[in-house]
> 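This structure is in structure tokens; I'll ask about it shortly.
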Amino acid sequence: MKENSFNILAFETSCDDTSVAVINDRYEVLSNLISSQTQHEEFGGVVPEIASRLHLKNIVSLTHHALEKSGVTLSDIDAVAVSVNPGLIGSLLVGLSFAKGLAWSRGLPLITVNHMVGHIYANVIENPDLSPPFAALVVSGGHTELVHFHDWENFEIIGRTLDDAAGEAFDKTAKLLNLGYPGGPVIDKLAKKGNPDFHHFPRALNVKDNFDFSFSGLKTAIMTYVRDKDEAFLEVNKANIAASLQEAIIEILVKKTIQYTKKARVKQVVLAGGVSANSGLRALMESECAKLKVRLYYPPLKLCMDNAAMIGAAAIIKYKRSDFAQLDANAFSTKGLRNI
Ligand code: KG4
Ligand code: ZN
């Protein structure tokens, strides 16, 4: 175990945000820069080829700026960390190739990180004492998984989406309502002004002891609902539709997480991924966890969406164990937490 103080330079390029961060062994984030690619907005979703080209364009200057902002130089860096799965393969390869080049040229160890594990570690940055066992609800634009972490190395996937991810349901509804991309933040904001009981959208797989999720039926239900309404109705009721949709998503996320928490007698719940920024989800999970005297963790808002600080945070324990990757390490798009 390496116990001396150290700094990690981390990269995250799994989707449409290029991010570079410097974090030290005490989980202090010295810098965490994110360059968001607004170029996808006009397409209503991420265009993979554009995403990889923009990562390529941004990564060098972002690295310079992240180092400058952190107050440390490249000579103070002890390891290079990078997310290698899951994600868009072209995007991941830009980050991995750059990280490899840097690690090789500076003689530094390379640490590869699973993106979803990174999201969970976003919680550790403000709560360095957080440790398993806990149930983690990982909800992002591409993933919805309920995972039981027995310890950091040993986890069990309890449920996962059979089709769309929770974030996708937010994004696709926003697209149908012409609210732009990504849909989550704008629906969250609108929902605060709307009535969640305005319309009852379906809650799929709403059965005891089934911990899988499904959101594609919800997408179809919204599509059908919107198709039958005129523009004036949709404009006037935008907030009500957003609130009803949000309620349908968060109710099922919370219900299944709480049911499992009770069943497995887990005492801690962790939220992770972009959708963990949702104010309705946080509030409902908080009140349900309080009833069970279960402690709830969620990341600070700035660490919910994709960022390199969470990748660096996940790399700290690997650095201490000298769990390094070789320079022939590959990236892969595989969904979920299976391959760490
Ligand atoms: O984790 P993330 O940044 O990227 C992936 O790994 O997919 O998550 C992005 C997702 C998008 O679908 C976005 O709409 C959603 O997180 N999101 C939210 C909120 N903020 C971001 N969903 C609901 N409420 C929010 N406040
Ligand atoms: Zn993510």
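No hydrogens, no waters, no symmetry mates; every other heavy atom, side chains included, goes into these values. Both ligands and their constituent atoms are indexed starting at 1 by order of listing.
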> Are K172 and D164 close enough, and set up right, to give a salt bridge (Lys or Arg N to Asp or Glu O under 4.0 Å), and what steps lead you there?
CA-CA 10 Å; K172 286 177 177 165; D164 287 357; 3.6 Å; yes
> Tell me the protein N, O or S atoms under 2.8 Å from the Zn ion (ligand 2), in chain and number order.
H115 NE2, H119 NE2, D306 OD1
> Can you tell me how the ring of F6 sits relative to the ring of Y319, calling it parallel under 30°, perpendicular over 60° and tilted otherwise?
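Ring orientation of F6 relative to Y319: tilted.
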> Kindly determine whether H40 and I50 satisfy side-chain contact (heavy atoms from CB on, under 4.5 Å), including the steps that lead there.
CA-CA 8 Å; H40 303 282; I50 296 179; 3.9 Å; yes
> E235: what forms a side chain to side chain donor-acceptor pair (under 3.5 Å) with it, not counting sequence neighbours?
K238
> For ligand 1, list the protein residues that place a heavy atom within a distance below 4.0 Å of one of its atoms, sorted by chain and number.
H115, H119, S140, G141, G142, G167, F170, D171, P182, G183, G184, P185, D188, G273, G274, V275, A277, N278, M305, D306
> Do K100 and F98 meet the cation-pi criteria used here (NZ or CZ under 6.0 Å from the six-membered ring centre, within 45° of the axis)?
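No, K100 does not sit over the ring of F98.
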> Run the numbers on K255 and E251 for salt bridge (Lys or Arg N to Asp or Glu O under 4.0 Å), then give the verdict.
CA-CA 6 Å; K255 193 167 179 180; E251 196 184 288; 5.6 Å; no
> Is a donor on one side and an acceptor on the other found under 3.5 Å between the side chain of S83 and the backbone of E12?
no
> Less than 4.5 Å apart, any side-chain heavy atom of I23 and any of L30?
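No, every pair of side-chain atoms sits at 4.5 Å or beyond.
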> With ring-ring contact (aromatic ring centres under 6.0 Å, His included) as the rule and sequence neighbours excluded, what pairs involving residues 264-288 come up?
none
